[in-house]
Chemist: 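The structure under discussion is supplied below as structure tokens; questions concerning it will follow.
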2 protein chains.
Amino acid sequence: MAEQAQYEELARQLTAIGAVKRDMGRILPPDCPGGSAAVLTLLGRYGEMRMSRLAELLSVDMSVTSRHVAHVADRGWIERSPDPADKRSRILRLTAAGHEQLDELSRRTSRLLADRLSDWSDDEVGQLTRLMTRLRESFGDCRTAAPHRPPHPHSYATELTTRTPV
Amino acid sequence: MAEQAQYEELARQLTAIGAVKRDMGRILPPDCPGGSAAVLTLLGRYGEMRMSRLAELLSVDMSVTSRHVAHVADRGWIERSPDPADKRSRILRLTAAGHEQLDELSRRTSRLLADRLSDWSDDEVGQLTRLMTRLRESFGDCRTAAPHRPPHPHSYATELTTRTPV
DNA sequence: TATTGTTATACTCTATAACTATA
DNA sequence: TATAGTTATAGAGTATAACAATA
């Protein structure tokens, strides 16, 4: 449990980190803005999935997800096949072109980070990544979940595998 | 120096942290969006300054700064007095109402963070804040500065006091 | 001429609400 | 009735470019 001044400082740094994110955004290919890149990254990491699952991983409303997905589908980077188990749903999957685009994204972001963090040790990068991951977990899925009381201890534990590894 | 996979993971977490920022944004007062809050916070922390300095601290273009400043000025939270040293400039300063608004912002963000990070130790919060601050520094002022070569070693060191403590 | 700041325009991201198709 | 997904609309943030006033 920390003091108020510490929280204010953390809040300030959370705001300031926006500059880093904007800098990362500037190196993206012209027709692949941040939203598209996030879709490709998550599909590359977790494999095929439905819209609802992707929206959960992105932590945005499904309407937003729908737009991003339409964008990458228009460019042939993913395919949307019908879900045999539920005709309302569609299965999203990277195409070969999508994998190539994702490789290009990885190269660009890794190159930028390697340049900017050239004086960071392997361990420091790992520490920051770990703490940011934990921060994300501590905030949980704040869009849909009740402010602070999980439905049941059981389903909560079950959901964790679904909602933590973003 | 870290490996590519580590950079990709860090990039992923930088993207994911957006959910935390959006969550913080949701608790702001209706007429005080994030941009306004950032202006008030920086004026509260560093005292009166000119537009150009504020734009630098915000790490955004001055045109963006101008809009945010106009918003908070319209609400009486800051005053813009002419700069006697340069008639093109204006000095920005928090008003009493601005200080009150800033206090309200601090209360809200601290309350949210205290709730979400209730199981974090004081030290862990400090570690994350420190690493995020350093990350911000490592990216430097990427908008205006040359990609990787500071003008002169001398002026670089001088500027650090101005541009680091964001 | 160069710089400070403002305004107009355009683009990205997000959320809410209305709508459809299916469960 | 409820859920999966789409689309329309609106609001916030940002960057570029054109502009005015001053250095």
Chemist: If we ignore angles and hydrogens, is there a donor and acceptor under 3.5 Å between the side chains of B/Ser138 and A/Trp120?
Modeler: yes

Chemist: Select one nucleotide: of C/dT14, D/dT14, D/dG5, the one nearest the side-chain heavy atoms of A/Val60.
Modeler: C/dT14

Chemist: Of the options D/dA15, C/dT4, D/dA23, whose atoms approach the side-chain atoms of A/Arg26 most closely?
Modeler: D/dA15

Chemist: Between B/Met62 (CE) and D/dA18 (C1'), how many Å, whole number?
Modeler: 14 Å

Chemist: Between B/Leu54 (CG) and C/dT4 (C1'), how many Å, whole number?
Modeler: 14 Å

Chemist: Using whole Å, report how far NZ of A/Lys21 lies from P of C/dT12.
Modeler: 16 Å

Chemist: Give a yes/no answer on whether the side chain of B/His68 brings an N or O atom under 4.0 Å of OP1 or OP2 in D/dA12.
Modeler: no

Chemist: Among side-chain atoms of B/Ser59 and B/Arg136, is any donor-acceptor pair under 3.5 angstrom?
Modeler: yes

Chemist: Of A/Ser63 and B/Arg88, whose nearest nucleotide on DNA chain D comes first from the 5' end?
Modeler: A/Ser63

Chemist: Report which part of the nucleic acid A/Gly18 touches: base, sugar-phosphate, or nothing (heavy-atom distance under 4.0 Å, all strands).
Modeler: nothing

Chemist: Is A/Gly25 touching bases, backbone alone, or none of the nucleic acid, heavy atoms closer than 4.0 Å?
Modeler: nothing

Chemist: Map A/Ser36 and B/Asp86 onto DNA chain C by nearest heavy atom, then report which one ends up closer to the 5' terminus.
Modeler: B/Asp86

Chemist: So that I can tick it off, tell me whether B/Asp23 and B/Arg116 are bridged by a salt bridge, with the cut-off set at under 4.0 angstrom between side-chain N and carboxylate O.
Modeler: yes

Chemist: Think B/His71 has a side-chain N or O under 4.0 angstrom from the OP1 or OP2 of D/dA12?
Modeler: no

Chemist: Mark yes or no for whether A/Glu124, through its side chain, and A/Ser121, through its backbone, hold a donor-acceptor pair below 3.5 Å.
Modeler: yes

Chemist: Hey, does A/Ser66 reach any base, or is it just sugar-phosphate, or nothing, if we go heavy atoms under 4.0 Å?
Modeler: base

Chemist: Round to a whole Å and report the spacing from CZ of B/Arg22 to P of C/dT12.
Modeler: 17 Å

Chemist: Can you find a pair of side-chain heavy atoms, one from A/Thr15 and one from B/Thr41, that are under 4.5 Å apart?
Modeler: no

Chemist: In whole angstroms, how far is the P atom of C/dT12 from the CG atom of A/Asp31?
Modeler: 10 Å

Chemist: Take A/Ala85 and B/Arg80, find for each the nucleotide of DNA chain C with the closest heavy atom, and name the residue whose nucleotide sits nearer the 5' end.
Modeler: B/Arg80

Chemist: Classify the nucleic acid contact of B/Arg67 as base, sugar-phosphate or nothing, counting any heavy atom under 4.0 Å across all strands shown.
Modeler: base

